[in-house]
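This report refers to the structure that appears directly beneath it.
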Amino acid sequence: MTAAVPAGIEADVVVLGLGAAGVAAALTAAEAGADVLVLEKQAEDRHTPSAAFAGSMIMVTVDEDQAARYLVACAAGGTPEPECRAWARGAADLQDWLVQRCPGLTVHDLTGHHAGSIYPDLPGADGVVTREFRLPGQTAGSGELLHRMLLDRAVATGRVRIRWASPAEELLRVETGRVIGVRAADGTVVRARGGVVLATGGFENDPQACRTYLRAWPTYFTGNPGNTGDGLRMALALGADLWHMTVVIGRQCTHVQGPDGRWHNYQMGLTYDPFVVVDGEGRRYCDETAYVRIHTTWHEMQLWDHRKRSFSRVPSYWVFDSRRFARRLAAGAEPVRSTRPRWSDDNMAELERGWVVSGDTVRELGEKLGFPDPDELVRTVEGFAAGAPRGEDPFGRPAETMAPLDRPPYYAVRLFPGGVNTAGGPRHDASGRVLDVRGTPIAGLFAAGTVSQLIGHTYPSPGAGWSEALTTGRIAGAAAARGADDPPAEIPG
Ligand SMILES: Cc1cc2nc3c(=O)[nH]c(=O)nc-3n(C[C@H](O)[C@H](O)[C@H](O)COP(=O)(O)OP(=O)(O)OC[C@H]3O[C@@H](n4cnc5c(N)ncnc54)[C@H](O)[C@@H]3O)c2cc1C
């Protein structure tokens, strides 16, 4: 599949990162006639872009004007209208684009809270729907397979070369400020005749960057461990402006140490079985079902308690009884090449390791969790049970998700803010051009995907991550290919 890269490397378009956005950028640029070179940080046999952890639900646009309004409303000021509109426009033909490029792909409508906009009360919510894209014989979609199909298609154009295990480290530019190439970690210089597309993913696995830009800490994420903010740093070095740096596509994660001493992050499957989420004192603080339906409950976890001078909801504790324990607690797909140990189906190995804590009574569980007053957890569970028959809940939890926790033993798992990826990064315009701190495009530099996602504080719809990455990848790839018609000056030195 991989073509070797010769010495004296040069291409029309250089794409940094080969995840969802990078593959879309490379394929689009190649189809526009550009000669494309991709630098990918990970080795081919260890490549685990976040795209490979995802399903294959993808948000598409059914009405551009409505969708643009909706995306603006979801961004809540974090992403301007022209960029939201570019996404809405680009996602309008996304379904056809995928089906034409991936033979055998079938498209499935979804039901319930997967079907479309998560916030039907926001303006324009009817402008987007989510569909699942499956390969023949699949009963559920796979982001890993979808990514592979797009990658095969890109390579099949004969215009895309890939340099694996080659992290980009520094963007190169000439005196006019135009970006003309990139230096990889091994010192190799790659010249871009048209443009460089940053598609290196978020900064979610750089703890220092997370501490600098996100509100609460520690945070833990379950996607590609190689997404360590390299694109952010490269853009910052050129004076790029930033936007919505505090935004995270949140999920509920636990962070645990394996028998070999290595630490792992797992996404937990908080379902509608009876459960509560409590803070470090055993108190509930929100409608926990939002953990399941939407990506924004992490907002609730970030409270800074000025009295205690701590993030008192970090960690939080997912508390349930034997009914939930009978089913696998971890959620999400694991790519074939992932090195994270698989969470067991019966949760027994994790219980033995202490990743799951148990108690014969709620009070005993509270004691084992080290709560200052274990009876507080008892009062919480009793209060929840008392409201359940009437569907009464101070946090507005839907009645059908409430039932007493009354089947011992009781269990708890620690939860941290974090989840899928960070969304902030170098600001870019509707054409994918990275803007400097004065709002001027940095010539020759484009961004796509989670290195600088368009998603703001409110996650619009299931499948918005794929939708954004593919759309911005296509936009940036096309723009960089157009830049190849107007090659810049020689590379210095
Ligand atoms: C567990 C999980 C579940 C998800 N589920 C869904 C879902 O169901 N639906 C949905 O729409 N979205 C989902 N997402 C989100 C979706 O996967 C992302 O929005 C999408 O993959 C982002 O694409 P990307 O190209 O920006 O990043 P990635 O796919 O992570 O690709 C980034 C690439 O850049 C490479 N890279 C990093 N640094 C460098 C460097 N210096 N030089 C060269 N290469 C570099 C990385 O190795 C990686 O290959 C999920 C994500 C996760 C983690």
Side-chain angles (χ1 to χ4, degrees), residues 14-26 38-44 46-60 91 110 114 130-133 140-144 146-147 150-151 162-171 182-185 190 196-206 221-234 249-251 253 265-267 295 330-335 337-338 340 418-423 425 447-455 459-473 476:
V14 176
V15 177
L16 310 182
L18 194 51
V23 77
V38 181
L39 296 191
E40 166 51 49
K41 181 180 196 171
Q42 295 174 320
E44 185 172 10
R46 295 183 177 193
H47 187 214
T48 54
S50 286
F53 291 80
S56 60
M57 287 190 273
I58 301 181
M59 186 195 87
V60 297
L110 296 162
H114 287 129
T130 299
R131 299 198 172 111
E132 190 168 57
F133 295 76
S142 158
E144 186 168 31
L146 185 63
H147 179 265
L150 290 169
L151 179 51
I162 303 166
R163 197 176 162 91
W164 297 98
S166 190
E169 208 165 71
E170 182 189 5
L171 294 165
V182 61
R183 195 186 309 277
V190 179
V196 174
V197 179
L198 281 177
T200 48
F203 58 86
E204 55 268 11
N205 286 309
D206 175 357
F221 294 83
T222 56
N224 183 16
N227 292 0
T228 54
D230 300 358
L232 170 64
R233 276 186 295 280
M234 285 188 270
I249 311 306
R251 277 287 187 197
C253 295
N265 306 334
Y266 292 90
Q267 182 181 315
H295 281 277
E334 203 67 60
R337 294 167 182 154
S338 172
R340 183 164 45 206
V420 175
N421 56 263
T422 54
T450 54
V451 70
S452 176
Q453 217 170 17
L454 296 175
I455 297 174
Y459 191 76
S461 164
W466 261 113
S467 175
E468 198 271 356
L470 293 175
T471 304
T472 55

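Indexing begins at 1, ligand by ligand and atom by atom, following the structure's order. All figures in this text were calculated on a predicted structure; none of them were measured in a lab.
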Short list, please: which atoms of ligand 1 are under 4.0 Å from a heavy atom of [X]?
{"X": "Ala20", "value": "21 (O), 23 (O), 25 (O), 29 (O)"}
{"X": "Ala199", "value": "32 (C), 33 (C), 34 (O)"}
{"X": "Thr222", "value": "1 (C)"}

re atom 17 (O) of ligand 1, the protein heavy-atom contact at minimum distance is Ser50 O, 3.3 Å
for atom 27 (O) of ligand 1, nearest protein heavy atom and its distance come out as Thr450 OG1, 3.5 Å
For ligand 1 and [X], I'd like to know whether there is a polar contact (N/O to N/O, distance under 3.5 Å).
{"X": "Ala54", "answer": "no"}
{"X": "Val451", "answer": "no"}
{"X": "Gly465", "answer": "yes"}
{"X": "His47", "answer": "yes"}
{"X": "Ser467", "answer": "no"}
{"X": "Gln267", "answer": "no"}
{"X": "Val420", "answer": "no"}
{"X": "Met234", "answer": "no"}
{"X": "Asn227", "answer": "yes"}

Closest to atom 47 (O) of ligand 1 by heavy-atom distance, out of Glu169, Glu40, Lys41, is Glu40
inquiry  = Regarding Ser461 and Thr130, do their side chains bring together a donor and an acceptor under 3.5 Å, going by distance alone?
reply    = yes
> Hey, are the side chains of Leu151 and Ile162 touching, using non-hydrogen atoms and a 4.5 Å cut-off?
Replying inline: yes
The answer for which part of Ala464 has a heavy atom under 4.0 Å from ligand 1 is backbone
Under 4.0 Å between heavy atoms, the region of Thr200 that gets near ligand 1 turns out to be both
Is the number of heavy atoms from other residues, nucleotides or ligands under 6.0 Å of Arg46 CZ greater than 12? no
Heavy-atom contact check, 4.0 Å cutoff: does Gly143 meet ligand 1? no
Any idea which heavy atoms bring [X] and [Y] closest together, and the distance?
{"X": "Thr422", "Y": "Phe203", "result": "OG1-N, 2.9 Å"}
{"X": "Val197", "Y": "Ala448", "result": "CG1-CB, 4.4 Å"}
{"X": "Ala20", "Y": "Trp466", "result": "CB-CZ3, 3.5 Å"}

